[in-house]
2 protein chains.
Amino acid sequence: MATYKTRAQFVADDLRGRILGGEFKGGTQLRQDALANDYDVSRIPVREALLTLESEGLVEFHAHRGAFTTELSVAKIRELFDLRVLLETYVLRHAINGLTDADLKKAEDILLKYDKALNSGGDIDNWSEYNFAFHQALYAPAELPETLSLISQLNTKSDRYIRMQLVYTQEIEKAEQEHHGLLELARQGDADKACELLKTHIQEACEGIVALLEERAKQPETS
Amino acid sequence: MATYKTRAQFVADDLRGRILGGEFKGGTQLRQDALANDYDVSRIPVREALLTLESEGLVEFHAHRGAFTTELSVAKIRELFDLRVLLETYVLRHAINGLTDADLKKAEDILLKYDKALNSGGDIDNWSEYNFAFHQALYAPAELPETLSLISQLNTKSDRYIRMQLVYTQEIEKAEQEHHGLLELARQGDADKACELLKTHIQEACEGIVALLEERAKQPETS
DNA sequence: ATTTTGCACACTGTATACAAACTGCAATGA
DNA sequence: TCATTGCAGTTTGTATACAGTGTGCAAAAT
């Protein structure tokens, strides 16, 4: 199942994980030769992987100078989260009437599974996946694939910063509670309240990140 | 100025134009070798160009089987246009208060320039560019680059169908009138009315396209 | 006659090799 | 001293060559 088809895809998937995991600080150059050695492939699939990541906004190409990891300004982070509010409340509103019991059960399963993982010495590494899977489970019944794809893009771009926040603050429990609240409102079919909760859920995460970044900006380099 | 940096970028830009121009019908395979001959380059830059176009949604890769042009279902077209309404009214509302005289003048210049081109035996080929330039001129003052980027994506994906409609119906004049109306409302700073007009402007274009596609679906292949 | 197996062809995916562009430093000149 | 030019090293961008996978037809078997 997880047997990757092409080397380029494998490199792209792994490298994405490394970037999102914070292995490279913003603006560092990704040398094709070094990556090719890392993965024991030639530079061709590495280049193709970097192009893929460029289209996802994780990397920027400068002609004849190579690929550099991107770094988002506070203004751009705010913009991304505002877009998430706009698009995610939009799909949630469309999805909420068509939610079947099976859909709700699926979302709940994901939630409980992560609750359990959280209690037994939770891993933050795959929190992003759980988080995204939960949201997608709620959004899927809207049957708006293009919209979900845009939302996925926005999540990928903001993922690094969300993780950063989770490492430095202990907001996961709060987010989990909000997820439970969201599920309950969805079950009741209360679109207005659900969207309102979703909105604050996203906005508060944004503010947490911004606060962290601005605090960090004050301090000189600590490496 | 227009001296392209890399061959891959040149191929991507040109090929995008050919796809949007309707040279390939939906689902046709784009053979790397043939394209490499067309552009007198090797397959490497061709592959990279195809990857770029894949990220724009114009092409789909199937592992070991190559790249195929995409074709959108009516449902997806409707979804794309609904997203355009959502995002474009969002930015217009943000932009409309900050519009300077210079911004308005710039938008008007674009409009008048195309009016003139239209009267002297108008070219449809570059209508897409004019159209997009006009909308961007109105949206730019919002200073929401990520949002504009998403809008640009949506426009690229739907561009083929817009052109198709313009070829078969004579809606350009109507669109031009709506553009003038939009500019006037923007000048007055009436965000509500401007967004309302923008919404119907987009929605009517969508319905025109859908009608055309459904009509065409009834007829057998006429080639 | 229908299905199956195998093989040959075609095309994609990737490695290797080469050309071109950028970077930094050193030498030269004002 | 400071700016400028030229050169060498490094890295990217691309061509060529090879390996691997999918496709279709033909021959063989039931």
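Side chains are part of it too, since the values below use all heavy atoms of this structure and drop only hydrogens, waters and symmetry mates. In what follows, every chain begins at residue 1, and chains take the letters A, B, ... in the order their sequences are listed.
- A/Val210 has its side chain out of reach of A/Phe81: every pair of non-hydrogen atoms, C-beta onward, lies at least 4.5 Å apart.
- Ring-plane geometry between B/His179 and B/Trp127 is classed as parallel, the angle between the planes falling under 30 degrees on a 0 to 90 degree scale with a further cut at 60.
- With respect to A/Lys157 and A/Glu56, no salt bridge is recorded, no charged nitrogen being found less than 4.0 Å from a carboxylate O.
- When each of A/Arg18, A/Arg47, A/Arg43 is checked for a side chain to side chain contact (heavy atoms under 4.5 Å, CB included) with A/Leu35, only A/Arg18 meets the rule.
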Query raised in the report: Reading nucleotides 5-17 of chain D from the 5' end, what letters show protein touch, with B for base, S for backbone sugar-phosphate only, - for no heavy atom under 4.0 Å?
Result: ------SBBBBB-

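- The closest side-chain heavy-atom distance from A/Tyr161 to A/Cys206 is not below 4.5 Å.
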